[in-house]
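Notes to accompany the following structure.
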Amino acid sequence: MKVNMNQIAIYPGSFDPVTNGHLDIIKRAAKLYDHLIIAVASNMEKKTPLFTIDERINMLREVCSNLPNVEVDSFKGLLVDYAKKRSASTLVKGLRAVSDFEYELQMALTNRKLNPDVETIFMMTAFRYIYLSSSIVKQVALVGGNTDGMVPPLVAEKLIQKAKELGRE
Ligand code: ADP
């Protein structure tokens, strides 16, 4: 019997690009919630993205096309406001090495202060993805390295194309 009335969760991030670490969290979270919204941040304080927001969304949509309860969307502004708009009560975050903890704790506490009705849930990375990040994948790809096993094949191809476009290969 389901006792939780609200089973919509949001998995936010920059996904520049989606990695196998993200995908592992997506697949596991999709089993826990009726509906999982992957929310691609379009106003990032991080460095200039390699992929445009549309490219990031399209890659996510393709790699999640076999997951019927997963939706890919983008958001601007406060994440808790977006969660409210989408009637989601849960934010899913992935945790890798200890280094993620401090930042994620700060974000979770800030989001709770902004809206106490939105809860942040942490999922531990699969051990094999503990050191995998979009940044490391980009660093490898842009100098012509092989990203197989780090990202889905479709993303690996897009990274090769991007490296060519940028004339670094
Ligand atoms: P990155 O840190 O790789 O640039 P994002 O900002 O897109 O990634 O991260 C979105 C979410 O995915 C965050 O909660 C982040 O902790 C989580 N995440 C990223 N990489 C992994 C991984 N390898 N394993 C588990 N969670 C991850």
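In each ligand, atom 1 is the first atom listed, and ligand 1 is the first ligand listed. Keep in mind the model is a prediction, meaning the values are calculated, not measured.
Using a 4.0 Å heavy-atom cutoff, Met123 is absent from the residues neighbouring ligand 1. Ligand 1 has at least one atom lying under 4.0 Å from a heavy atom of Tyr11.
Ring centers of Tyr131 and Phe127: at least 6.0 Å apart, outside the cut-off.
Distances below 4.0 Å separate heavy atoms of Gly13 from the following atoms of ligand 1: 7 (O), 10 (C). Set against the non-hydrogen atoms of Thr125, the atoms of ligand 1 under 4.0 Å away are 22 (C), 24 (N), 25 (C). Counting the atoms of ligand 1 from 1 in the order shown, those under 4.0 Å from a heavy atom of Glu104 are 14 (O), 16 (O). Numbered from 1 in the order shown, with element, the atoms of ligand 1 that lie under 4.0 Å from a heavy atom of Ser14 read 5 (P), 6 (O), 7 (O). Close approach of ligand 1 to Phe15 is summarised as follows: ligand atoms under 4.0 Å from at least one heavy atom of the residue are 7 (O).
Here's the thing with Leu132: one of its N/O atoms is less than 3.5 angstrom from an N/O atom of ligand 1. For the pair Tyr129 and ligand 1, the shortest N or O to N or O distance falls below 3.5 Å. Taking any N or O of Ser134, backbone or side chain, at least one lies under 3.5 Å from an N or O belonging to ligand 1.
From Arg96, atom CZ reaches atom CD of Glu104 across 8.0 Å, with rounding to the nearest 0.5 Å. Interatomic distance, OG1 of Thr90 versus CG of Asp117, reported as 11.0 Å (0.5 Å rounding). Taking CD of Glu157 as the reference point, atom CE of Met59 lies at 11.5 Å (rounded to 0.5 Å).
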Using atom types as modelled, flag every donor-acceptor pair under 3.5 Å from a side chain in residues 139-147 to any protein atom, sequence neighbours excluded.
from: Asn146; atom 1: OD1; to: Asp148; atom 2: N; distance (Å): 2.8

Side-chain donor-acceptor contacts of residues 61-78 below 3.5 Å, not counting sequence neighbours, with atom names and distances?
from: Arg61; atom 1: NH2; to: Val72; atom 2: O; distance (Å): 2.8
from: Ser65; atom 1: OG; to: Glu62; atom 2: O; distance (Å): 3.0
from: Asn69; atom 1: ND2; to: Ala30; atom 2: O; distance (Å): 2.8
from: Asn69; atom 1: ND2; to: Tyr33; atom 2: O; distance (Å): 3.0
from: Asn69; atom 1: ND2; to: Asp34; atom 2: O; distance (Å): 3.3
from: Glu71; atom 1: OE1; to: His35; atom 2: NE2; distance (Å): 2.7
from: Glu71; atom 1: OE1; to: Arg86; atom 2: NH2; distance (Å): 3.0
from: Glu71; atom 1: OE2; to: Arg86; atom 2: NH1; distance (Å): 2.9
from: Glu71; atom 1: OE2; to: Arg86; atom 2: NH2; distance (Å): 3.2
from: Asp73; atom 1: OD2; to: Tyr82; atom 2: OH; distance (Å): 2.6
from: Asp73; atom 1: OD2; to: Arg86; atom 2: NH1; distance (Å): 3.2

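When the options His22, Lys158, Lys138, Lys162 are evaluated for a side-chain contact (heavy atoms from CB on, under 4.5 Å) with Pro17, the one that passes is Lys138.
Contacts with ligand 1 closer than 4.0 Å are made by heavy atoms of both the backbone and the side chain of Lys93.
Ion pair Lys85/Asp81 not flagged as a salt bridge, since none of the NZ, NE, NH1 or NH2 atoms sits closer than 4.0 Å to an Asp/Glu carboxylate oxygen.
Which of Gly94, Pro49, Ser133, Pro12 comes nearest to atom 26 (N) of ligand 1 through a heavy atom is settled by distance: it is Gly94.
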